[in-house]
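Since the structure comes first, as structure tokens, the remarks are kept for the end.
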Amino acid sequence: MIPVLKIPSKGMMSQLKNKYLIIILGPTASGKTDAAIQIAGIFRTKIISADSRQLYKELKIGTAVPDQRQLKSIQHYFIQTISIHDYYNVSMYEQEVLELLNKLFSEKDIVVMVGGSGMYVDVVCHGIDDLPVVDPLIRETLQQRFNDEGIESLRLELKRLDPVYYSKADLRNPKRILKALEIYYMTGIPYSSFLTGPKKERPFKIIKTGINPDRDELYERINQRVNGMIQSGLIEEAKSLYNIKECNALNTVGYKEIFDYLDGKVTLEQAISLIKRNTRRYARRQLTWFRKDKAIAWFRPGEIKNMVDYIKEQTGNFE
RNA sequence: GGUGCCAUAGCUCAGCAGGUAGAGCAACGGACUGAAAAUCCGUGUGUCCUUGGUUCGAUUCCGAGUGGCACCA
């Protein structure tokens, strides 16, 4: 059972007019963590992570969470807070972040948010429609049917049950079809009728900054990060998670390739190359997501001073 | 020094009995309202080493040059 969290009341929210959420986003390995810590230090505030994998307690090396020293210097939220066995989704994240922000803004004028999960960032900025919680049994049944029957019969079913969503859905993407059917079977109401579209307004102001190295530099940073992860014990970490490798949260770059190595499917050398390649691809997908957001002010790694100047300019120069 | 083989996409290579070229990997672009580091869709990016010749036409055939590899000295 998922606890329903209360959205702050209107009275509390009206006081947040001069509060600023500073978002630092960018592709993986672009230097977000360091930048966020420096900037949060300058503004004497705290950091909210918007990272769908650093959330998990059990994951550390492969997700490049901030180290102990960094976590001590600035308080972080949403780092290693839930278990990979827990069910979690962006809507829960939205609720929890709004709750937390309401609390943090009572003592700070500025809060920093850092992360590379575009959907997590967007949900905090614009919200997401409310959907019913789906019974895990329904989800499993549909998943089983997909495994047995393939996508075509589910697609035809969606066409019959929710023609509106069918007409605009990505019909070759099983996840989209399954999601819509889950909601239909949970409620008897078409998924499309839950999608209202309009974006929620937030009572606080949002300033978006991004860090985007040149492509060559980004790939070099990725290579170094991956080599560093191997040296720091990624293989041992993956071994300790091997018996639960089917968990959704472990369908993650860095872990899945090491599992294949442990299964003897690839050599260690191949696994490391694949981690690098898959991280590059992930970074590109992140950039595709961020590119369409024209509100982001872009910087290069190390341009902390420029970022701080930009933030001061946007907030009216107060600290 | 001699002989032979090779030179085509970022890489490994295929191909064209002469009509300006394609495969794997890599790369690049896009979608994305509850597992999003997930999932799905799309794209060939090229002085066919250089230079003469033959030809209506040469990446393809011939000569020379350059570079690489192998073997013989």
Side-chain angles (χ1 to χ4, degrees), chain A residues 2 25-30 32 49-56 59 61-65 82-96 115-136 138-140 142-143 146 151 155 164-165 168-180 182-183 186 190-200 215-216 218-219 222 225-226 229 234 246-258 270 273-293:
Chain A
I2 311 301
L25 47 77
T28 188
S30 57
K32 296 186 297 294
S49 166
D51 188 302
S52 72
R53 290 300 189 266
Q54 293 183 356
L55 275 170
Y56 295 106
L59 310 184
I61 296 170
T63 54
V65 293
I82 61 172
S83 166
I84 47 180
H85 302 290
D86 295 337
Y87 178 78
Y88 200 75
N89 62 47
V90 281
S91 183
M92 294 160 72
Y93 178 77
E94 176 195 11
Q95 294 296 316
E96 290 169 18
S117 301
M119 197 177 188
Y120 279 54
V121 171
D122 282 359
V123 96
V124 170
C125 296
H126 309 120
I128 191 167
D129 287 315
D130 289 325
L131 290 183
V133 175
V134 173
D135 184 341
I138 291 177
R139 181 172 299 126
E140 283 161 29
L142 281 165
Q143 183 64 48
F146 170 64
I151 196 168
R155 198 185 287 159
V164 174
Y165 185 66
K168 63 181 179 186
D170 180 353
L171 299 172
R172 292 203 257 191
N173 191 334
K175 289 202 172 195
R176 302 278 137 74
I177 309 285
L178 286 168
K179 182 71 213 165
E182 275 176 15
I183 297 296
M186 189 66 207
Y191 175 60
S192 56
S193 64
F194 288 94
L195 307 180
T196 61
K199 309 208 159 168
K200 292 177 198 163
R215 200 55 70 94
D216 288 350
L218 178 63
Y219 287 0
I222 287 171
R225 164 172 287 188
V226 172
M229 285 176 176
L234 180 61
E246 302 308 326
C247 268
N248 297 309
L250 286 172
N251 183 5
T252 295
V253 176
Y255 296 96
K256 55 186 174 185
E257 297 84 356
I258 298 293
Q270 287 169 328
S273 293
L274 286 168
I275 293 173
K276 289 173 180 170
R277 183 197 69 182
N278 292 338
T279 304
R280 290 195 292 272
R281 291 179 174 176
Y282 167 51
R284 271 188 260 139
R285 269 179 277 129
Q286 289 177 297
L287 286 167
T288 296
W289 184 290
F290 295 137
R291 241 189 307 262
K292 66 187 169 194
D293 188 343

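Letters A, B, ... are given to chains in the order of the sequence lines, protein chains preceding strands, and every chain is numbered from 1.
For A:Thr288, the listed nucleotide lying nearest its side chain is B:A31; candidates were B:G34, B:A31, B:C40. Ranking B:A27, B:G29, B:C32 by closeness to the A:Arg281 side chain, first place goes to B:A27. Which of B:U33, B:A38, B:G34 sits closest to the side chain of A:Val253 comes down to B:A38. Of the candidates B:C28, B:U39, B:C40, the closest approach to any side-chain atom of A:Asp170 belongs to B:C40. Closest contact between the side chain of A:Asn173 and the listed nucleotides B:A36, B:C40, B:A38 involves B:C40. Checking B:A36, B:U39, B:A27 against the side-chain heavy atoms of A:Arg285 singles out B:U39 as nearest. Across B:G34, B:C28, B:U39, the shortest atom-to-atom separation from the side chain of A:Arg215 is found for B:C28. Taking only side-chain atoms of A:Tyr191, from C-beta outward, the nucleotide of B:G30, B:G34, B:A36 with the closest atom is B:G34. With distances taken from any side-chain atom of A:Ile128 to the nucleotides B:U33, B:G30, B:C32, the minimum falls on B:U33.
One can place CD of A:Glu246 at 16 Å from P of B:A38, the figure rounded to the nearest angstrom. Atom CZ of A:Arg172 and atom P of B:G42 are 5 Å apart (whole Å). Here the P atom of nucleotide B:A27 and the CG atom of A:Leu274 are 11 Å apart, to the nearest Å. Spacing between atom CG of A:Leu287 and atom C1' of B:C28 amounts to 12 Å, rounded to whole angstrom units. Atom-to-atom, CZ of A:Arg53 to C1' of B:A38 comes out at 6 Å; the value is rounded to the nearest Å. Remark: C1' of B:U39 and CD of A:Gln286 are 15 Å apart, rounded to the nearest angstrom. What separates CZ of A:Phe290 from C1' of B:G30 is a distance of 16 Å, to the nearest Å. Rounded to a whole Å, the CG atom of A:Asp122 is 11 Å from the C1' atom of B:A36.
Counting non-hydrogen atoms under 4.0 angstrom, A:Thr28 reaches nothing in the nucleic acid. Here A:Asp130 lies in heavy-atom contact (under 4.0 Å) with a base. Across all strands, A:Ser117 comes closer than 4.0 Å only to sugar-phosphate atoms, never to a base (heavy-atom distances). Note on A:Tyr120: only backbone sugar-phosphate atoms sit closer than 4.0 angstrom, heavy atoms only; bases stay farther off. Counting non-hydrogen atoms under 4.0 angstrom, A:Tyr219 reaches the backbone sugars and phosphates but no base. Among the atoms of the strands shown, none is found under 4.0 Å from any heavy atom of A:Tyr93. No engagement by A:Gly127 is indicated, since no non-hydrogen atom pair under 4.0 Å with the nucleic acid exists.
The same atom, P, is picked in B:G68 and in B:U12; the two are 15 Å apart, to the nearest Å. Between B:U33 and B:A38, the two C1' atoms lie 15 Å apart (nearest whole Å). Comparing the C1' positions of B:C62 and B:A23 gives an interatomic distance of 30 Å, to the nearest angstrom. Comparing B:A70 with B:G53, their C1' atoms are spaced 30 Å from each other, to the whole Å. B:U59 and B:U8 have their P atoms separated by 15 Å, with the value rounded to a whole Å. B:U20 and B:A36 have their C1' atoms separated by 45 Å, with the value rounded to a whole Å. When the P atom is used for both B:U47 and B:G42, the distance is 28 Å, rounded to whole Å. Across the C1' atoms, B:U60 and B:A21 are found 11 Å apart, a figure rounded to whole Å.
A:Tyr255 meets the ring pair (Phe, Tyr, Trp, His ring centres under 6.0 Å) test with no other residue; sequence neighbours excluded.
Of all heavy-atom pairs between A:Ala283 and A:Leu218, the closest is CB-CD2, 4.1 Å. Here the closest heavy-atom approach between residue A:Leu287 and residue A:Arg215 is recorded as CD1-NH2, 4.0 Å. The heavy-atom pair separating A:Ile84 from A:Ala249 by the smallest distance is CG2-CB, 3.4 Å. Contact between A:Ser30 and A:Gly26 at its shortest, heavy atoms only, is OG-C, 4.0 Å.
Contact annotation: A:Lys256 side-chain N/O to B:A38 OP1/OP2 distance is under 4.0 Å. Listed pair A:Lys292 / B:G30 fails the phosphate criterion, with no side-chain N or O lying under 4.0 Å from OP1 or OP2. Between B:U39 and A:Asn251, a contact under 4.0 Å exists linking OP1 or OP2 to a side-chain N or O. In terms of phosphate contacts, A:Arg280 brings a side-chain nitrogen or oxygen within less than 4.0 Å of OP1 or OP2 of B:A27. For A:Arg176, no side-chain nitrogen or oxygen approaches OP1 or OP2 of B:A31 to under 4.0 Å.
Base orientation for B:G34: syn, the chi torsion being within 90° of 0.
The side chain to side chain contact (heavy atoms under 4.5 Å, CB included) test with A:Glu182 is passed by exactly one of A:Asp135, A:Val134, A:Ile177, A:Leu131: A:Val134. The ring-ring contact (aromatic ring centres under 6.0 Å, His included) test with A:Tyr120 is passed by exactly one of A:Tyr93, A:Trp289, A:Tyr88: A:Tyr93.
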### Query
Does the side-chain contact (heavy atoms from CB on, under 4.5 Å) test come out yes or no for A:Thr63 and A:Tyr56, once each step is laid out?
CA-CA 9 Å; A:Thr63 54; A:Tyr56 295 106; over 6 Å; no
### Derivation and outcome, side-chain contact (heavy atoms from CB on, under 4.5 Å), residues A:Ile258 and A:Ile275
CA-CA 8 Å; A:Ile258 298 293; A:Ile275 293 173; 4.0 Å; yes
### Query
Passes side-chain contact (heavy atoms from CB on, under 4.5 Å), A:Leu59 versus A:Gln54? Steps please.
CA-CA 7 Å; A:Leu59 310 184; A:Gln54 293 183 356; over 6 Å; no
### Query
Can you list the steps and then say if A:Asp130 with A:Phe194 is a side-chain contact (heavy atoms from CB on, under 4.5 Å)?
CA-CA 7 Å; A:Asp130 289 325; A:Phe194 288 94; over 6 Å; no
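Paired runs in RNA chain B that reach 3 or more consecutive Watson-Crick or G-U pairs, where each pair keeps both distances under 3.5 Å, cover B:1-7 with B:66-72, B:10-13 with B:22-25, B:27-31 with B:39-43, B:49-53 with B:61-65.
Heavy-atom distances to RNA chain B give each of A:Thr252 and A:Met119 a nearest nucleotide, and the one nearer the 5′ end belongs to A:Met119.
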